[in-house]
Amino acid sequence: MGKVYVFDHPLIQHKLTYIRDEKTGTKEFRELVDEVAALMAYEITRELPTEEVMVKTPVTEAKSKVLSGKKLGLVPILRAGLGMTDGILKLIPAAKVGHVGLYRDPETLQPVEYYVKLPPDIEEREFIVIDPMLATGGSAVEAINSLKKRGAKNIKMMCLIAAPEGVELLNEAHPDVDIYIAGLDEKLNEKGYIVPGLGDAGDRLYGTK
Ligand SMILES: O=P(O)(O)OC[C@H]1O[C@H](OP(=O)(O)OP(=O)(O)O)[C@H](O)[C@@H]1O
Ligand SMILES: O=c1cc[nH]c(=O)[nH]1
Ligand SMILES: [Mg+2]
């Protein structure tokens with residue numbers, strides 16, 4: 001069974017409150033999503049392997065650690081996942097970025113795939129799939145199906161807000177995938193929106209309706 005981590009860091013929780021607030025406009029919403037994504041990336045990368053190198057300081061030579069060159073791939077689910085990508089890249093600028101384009105059919109709530117482009121070396125790469133919203137879980141399951149079909153073996157899922165229904169579906173479909181969340185909410189409403197949630201993440205990021 002995949003592990004589920006809910007980040008209770010005060011800065012993440014503080015910013016998430018303003019992301020949820022309906023009074024927060026597009027510009028501030030985008031900035032806050034970017035900031036929370038960076039803070040989450042800081043927590044997620046805690047276990048990255050390091051190696052010792054020698055460095056010459058102005059005082060002496062010393063052994064010091066650097067990241068040991070693990071191949072990382074970020075995979076935002078279009079559109080809304082794009083809103084978190086730059087924040088993560090600020091901390092991990094060498095990560096490659098793939099894209100999976102999916103939209104959720106408003107009637108059936110089923111994901112419809114329209115685009116996939118991934119970086120090379122899929123089998124050795126560690127992927128982080130990014131989407132602010134894990135609602136029914138259908139989009140995340142489909143995006144990860146798409147990655148696995150192309151050879152991906154090591155995948156994490158990162159989202160701002162999840163519904164219990166989405167966590168359960170993702171855990172069932174992909175028990176090897178750990179899930180990282182800023183807020184685990186109460187439920188879905190009859191239209192498949194997360195309650196209390198933040199509304200439609202894509203629309204709030206890009207000012208569409
Ligand atoms: O867990 P699910 O029930 O599948 O719902 C979550 C999906 O819905 C939203 O995307 P949307 O379909 O609105 O596309 P968009 O990002 O282009 O707005 C969201 O960004 C997720 O991808
Ligand atoms: O609450 C939700 C559910 C799906 N997609 C969103 O953007 N918001
Ligand atoms: Mg949307």
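Atoms within each ligand, like the ligands themselves, are counted from 1 in listed order. Scope of the values below: all heavy atoms of this structure, side chains included, with no hydrogens, waters or symmetry mates.
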Cation over ring face, Arg79 and Tyr114, 6.0 Å, 45°:
no
One finds that the ligand 1 atoms under 4.0 Å from a non-hydrogen atom of Arg104 are 2 (P), 3 (O), 4 (O), 5 (O), 12 (O)
Check: Pro132 N/O within less than 3.5 Å of ligand 1 N/O
no
Going by the atom numbers of ligand 1, which of them fall below 4.0 Å from some non-hydrogen atom of Tyr103?
12 (O)
Please report whether ligand 2 has a polar contact with Ile194, defined as an N or O pair separated by less than 3.5 Å (distance criterion only).
yes
Does the pair Lys70/Glu126 count as a salt bridge with the N-to-O cut at 4.0 Å?
yes
Say whether Gly192 and ligand 2 are in contact under the criterion: heavy-atom distance to a ligand atom below 4.0 Å.
yes
Taking non-hydrogen atoms only, is Ala201 closer than 4.0 angstrom to ligand 2 via side chain, backbone, both or neither?
both
Is there any N or O on Ala201 that sits under 3.5 Å from an N or O of ligand 1?
no
At a 4.0 Å cut-off, with the gap strictly under it, does some heavy atom of Gly199 reach an atom of ligand 2?
yes
Would you give me the side-chain donor-acceptor pairs under 3.5 Å for residues 54-64, sequence neighbours excluded?
from: Thr57; atom 1: OG1; to: Val59; atom 2: N; distance (Å): 3.0
from: Thr57; atom 1: OG1; to: Thr60; atom 2: N; distance (Å): 3.0
from: Thr57; atom 1: OG1; to: Thr60; atom 2: O; distance (Å): 3.0

Checking heavy atoms under 4.0 Å, the part of Asp131 that sits near ligand 1 is side chain
Donor on one side chain, acceptor on other, Arg30 and Thr26, under 3.5 Å:
no
For Ala80, is at least one N or O under 3.5 Å away from an N or O on ligand 1?
yes
Does this structure show an ion pair linking Glu52 with Lys65, if we count only N-O contacts that are shorter than 4.0 Å?
no
Counting each atom of ligand 1 from 1 as listed, which ones have a heavy atom of Gly137 under 4.0 Å away?
1 (O), 2 (P), 3 (O)
Polar contact flag for Tyr114 and ligand 1 (N/O pairs, less than 3.5 Å):
no
Short N-O contact, Lys71 and Asp121, less than 4.0 angstrom:
yes
Under 4.0 Å to a heavy atom of Ala135 - the qualifying atoms of ligand 2, by number:
3 (C), 4 (C)
Heteroatom distance test (Asp203, ligand 1): nitrogen or oxygen, under 3.5 angstrom:
no
Does the residue Gly192 have a heavy-atom contact with ligand 1, meaning some pair of atoms that are separated by less than 4.0 Å?
no
Below the 3.5 angstrom mark, is there an N/O of Thr136, backbone or side chain, next to an N/O of ligand 1?
yes
In terms of side-chain geometry, is the basic nitrogen of Asp176 or Lys156 positioned less than 4.0 Å from the acidic oxygen of its partner?
no
Please find the pair of heavy atoms, one from Asp34 and one from Gly87, that lie closest to each other, and give the distance.
OD1-N, 3.1 Å
At a 4.0 Å threshold, what atoms of ligand 2 neighbour a non-hydrogen atom of Arg104?
3 (C), 4 (C)
Note: Asp200-Lys209 ion pair, threshold 4.0 Å (strictly below):
no
Take Ile181 and Met158 through the side chain to side chain contact (heavy atoms under 4.5 Å, CB included) test and state the conclusion after the steps.
CA-CA 6 Å; Ile181 308 168; Met158 173 174 173; over 6 Å; no
Between Tyr115 and His99, how do the two ring planes meet: parallel, tilted or perpendicular, split at 30° and 60°?
tilted
